[in-house]
Amino acid sequence: LSGSYQNDSLLLSNKNFKMAITGINIPFNLFELRGQLGQDGIMQPGASAFADTQALSIPKFGPYLVIAGLANNIYQKLLVAGTYITRPYPADGPSNKAPAGVQVTEIQYQAADTSKDGSISAHFQLAPATTYPLKDHNPAILLVNSTSSEAIFMDYHALLSTQADSSGNLSEVTLRLPAGTILPKDFRAYVILDVFPLTNKQFGN
């Protein structure tokens, strides 16, 4: 999700991605969350969620939604509105802290072209006697437009892959860039472990 905030109000959104709902990957044109945070870090009543998808693009059920009149019969869109509930993450929780003894040694970028995939890979090195089991963590790479400071929209969940060493510790995370992917001239790649931004690297001019 990429977004903005002013005082206690925020807007988060994502575009052109898939979300698994009841076991079905539904492609969304737009997914948006709006709300106001209270002093306790909890979203106030009135928080709203909005989703926009092409009804006929929904696997299995799309045509039936149109026939049942649950989608716009002119544009074949399914528009969904609702709310959501949040709670503050514990200040002493492990996911938002830098893991001790884990270091990124290199971030490699291979641009995609019209016929060939590209990639961005981060390689890790662990200090002696340090463990970082891949099965217990969620490493990721996030791309941000350096000019606008906005996340670059893509299906990160589907495009990310990871590797472990012979002991099961994290050794590499790779973000595949499908053929035809066009990135901004200047962008920054953030390497994230769980939710902590461990390091980043600037690419471009």
Side-chain angles (χ1 to χ4, degrees), residues 1-20 25-35 37 49-54 57 86 89 95-127 132 134 137-164 170-205:
L1 295 169
S2 182
S4 59
Y5 68 92
Q6 183 175 5
N7 299 323
D8 61 351
S9 301
L10 59 84
L11 165 63
L12 302 172
S13 64
N14 201 344
K15 300 176 182 178
N16 302 321
F17 77 109
K18 294 181 180 179
M19 180 187 294
N25 281 330
I26 298 179
F28 285 98
N29 300 321
L30 174 66
F31 179 81
E32 189 175 87
L33 301 176
R34 295 173 180 260
L37 282 169
F50 174 80
D52 168 0
T53 183
Q54 300 297 129
S57 70
T86 64
Y89 186 76
S95 294
N96 59 348
K97 289 182 170 59
V102 181
Q103 179 183 3
V104 176
T105 58
E106 186 179 19
I107 301 177
Q108 297 176 319
Y109 169 47
Q110 178 64 49
D113 59 29
T114 56
S115 60
K116 185 178 179 181
D117 290 352
S119 65
I120 296 181
S121 298
H123 303 269
F124 297 86
Q125 180 177 339
L126 273 60
Y132 195 80
L134 177 57
H137 298 280
N138 293 294
I141 294 176
L142 172 68
L143 305 185
V144 174
N145 186 318
S146 298
T147 302
S148 64
S149 297
E150 294 180 342
I152 297 171
F153 291 120
M154 62 179 64
D155 192 344
Y156 288 92
H157 182 74
L159 298 174
L160 281 167
S161 62
T162 55
Q163 292 185 21
L170 172 66
S171 63
E172 182 180 328
V173 59
T174 298
L175 176 66
R176 182 173 64 87
L177 305 173
T181 298
I182 300 175
L183 295 176
K185 292 182 178 180
D186 297 289
F187 68 93
R188 191 170 291 275
Y190 287 83
V191 179
I192 301 172
L193 297 184
D194 295 330
V195 297
F196 186 86
L198 189 63
T199 189
N200 64 84
K201 183 176 181 179
Q202 175 74 25
F203 293 96
N205 300 325

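The aromatic rings of H137 and Y132 lie parallel to each other, with less than 30° between the two planes, well short of the 60° mark.
When atom types are taken as modelled, the side chain of S2 and the backbone of A151 share a donor-acceptor pair closer than 3.5 angstrom. With D117 contributing its side chain and A179 its backbone, the two residues share a donor-acceptor pair below 3.5 Å. Side-chain atoms of T181 do not come within 3.5 Å of backbone N or O of A112 as any donor-acceptor pair. The backbone N or O of A140 lies less than 3.5 Å from no partner atom in the side chain of Y190, so there is not a single donor-acceptor pair. A donor-acceptor pair is defined here as one N or O able to donate and one able to accept, closer than 3.5 Å; no such pair exists between the side chain of S95 and the backbone of D194. A donor-acceptor pair under 3.5 Å is absent between the side-chain atoms of N200 and the main chain of R188, judged by distance alone. Of the possible donor and acceptor atoms, none in the side chain of K201 sits under 3.5 Å from a partner among the backbone N and O of A189. Judged by distance alone, with hydrogens and angles left aside, the side-chain atoms of S171 form a donor-acceptor pair with the main-chain N or O of Q163 at under 3.5 Å.
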> Going through the checks in order, is the side-chain hydrogen bond (donor to acceptor under 3.5 Å, both in side chains) test met by Q108 and E106?
Replying inline: CA-CA 6 Å; Q108 297 176 319; E106 186 179 19; 3.2 Å; yes
>> Quick one, T162 with E172, criterion side-chain hydrogen bond (donor to acceptor under 3.5 Å, both in side chains). Give me CA distance, side-chain angles, the key distance, then yes/no.
In response: CA-CA 6 Å; T162 55; E172 182 180 328; over 6 Å; no
> Under the side-chain contact (heavy atoms from CB on, under 4.5 Å) criterion, do M19 and N25 qualify, and how do the steps go?
Replying inline: CA-CA 5 Å; M19 180 187 294; N25 281 330; over 6 Å; no
>> side-chain contact (heavy atoms from CB on, under 4.5 Å) for Q202 and D186? Distances and angles first, verdict last.
In response: CA-CA 7 Å; Q202 175 74 25; D186 297 289; 3.6 Å; yes
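One finds the CZ atom of F203 at 9.0 Å from the CG atom of L143 (value rounded to the nearest 0.5 Å). Distance check, rounded to the nearest 0.5 Å: CG of D8 to CG of L37 gives 7.5 Å. Interatomic distance, CZ of R34 versus CG of L11, reported as 4.5 Å (0.5 Å rounding). Here S115 contributes atom OG and D113 contributes atom CG; the two are 4.5 Å apart, rounded to the nearest 0.5 Å. The CG atom of L159 sits 13.5 Å away from atom CZ of F17, with the distance rounded to the nearest 0.5 Å. In this structure, CG in L142 is found 9.0 Å from CE in M154, a value given to the nearest 0.5 Å.
Between F50 and L30 the shortest side-chain heavy-atom distance falls below 4.5 Å. At least one side-chain heavy atom of F124 sits less than 4.5 Å from a side-chain heavy atom of L193. Using a 4.5 Å cut-off on side-chain heavy atoms (C-beta onward), Y89 and N96 make contact. Put simply, the side chain of S119 does not reach to within 4.5 Å of the side chain of L177, judged on heavy atoms. Between Y156 and I141, every side-chain heavy-atom pair lies at or beyond the 4.5 Å cut-off. By the 4.5 Å heavy-atom criterion applied to side chains, I107 and I120 are counted as neighbours. Using a 4.5 Å heavy-atom threshold, the side chains of T147 and F187 count as separate. I152 places none of its side-chain heavy atoms less than 4.5 Å from the side chain of V144.
Heavy atoms from other residues, nucleotides or ligands lying under 6.0 Å from NZ of K116 number 12 at most. Environment of CZ in F196: crowded, with over 12 heavy atoms of neighbouring residues, nucleotides or ligands closer than 6.0 Å. Atom CZ of R176 sits in a crowded spot, with more than 12 heavy atoms from other residues, nucleotides or ligands closer than 6.0 Å.
Shown here for F153 and K15, the closest heavy-atom pair between the two residues is CD2-N, 3.6 Å. Closest heavy-atom contact between S57 and T53: OG-OG1, 3.7 Å. Closest non-hydrogen pair, L198 versus V102, comes out as CD2-O, 4.0 Å. In plain terms, the two heavy atoms of A122 and V104 that are nearest each other are CB-CG1, 4.4 Å. In terms of heavy-atom proximity, T174 sits nearest to S121 at OG1-OG, 2.9 Å. Looking at every heavy atom in both residues, L160 comes nearest to P139 through CD1-O, 4.5 Å.
By the 4.0 Å N-to-carboxylate-O rule, D155 lies too far from K18 to be salt-bridged with it.
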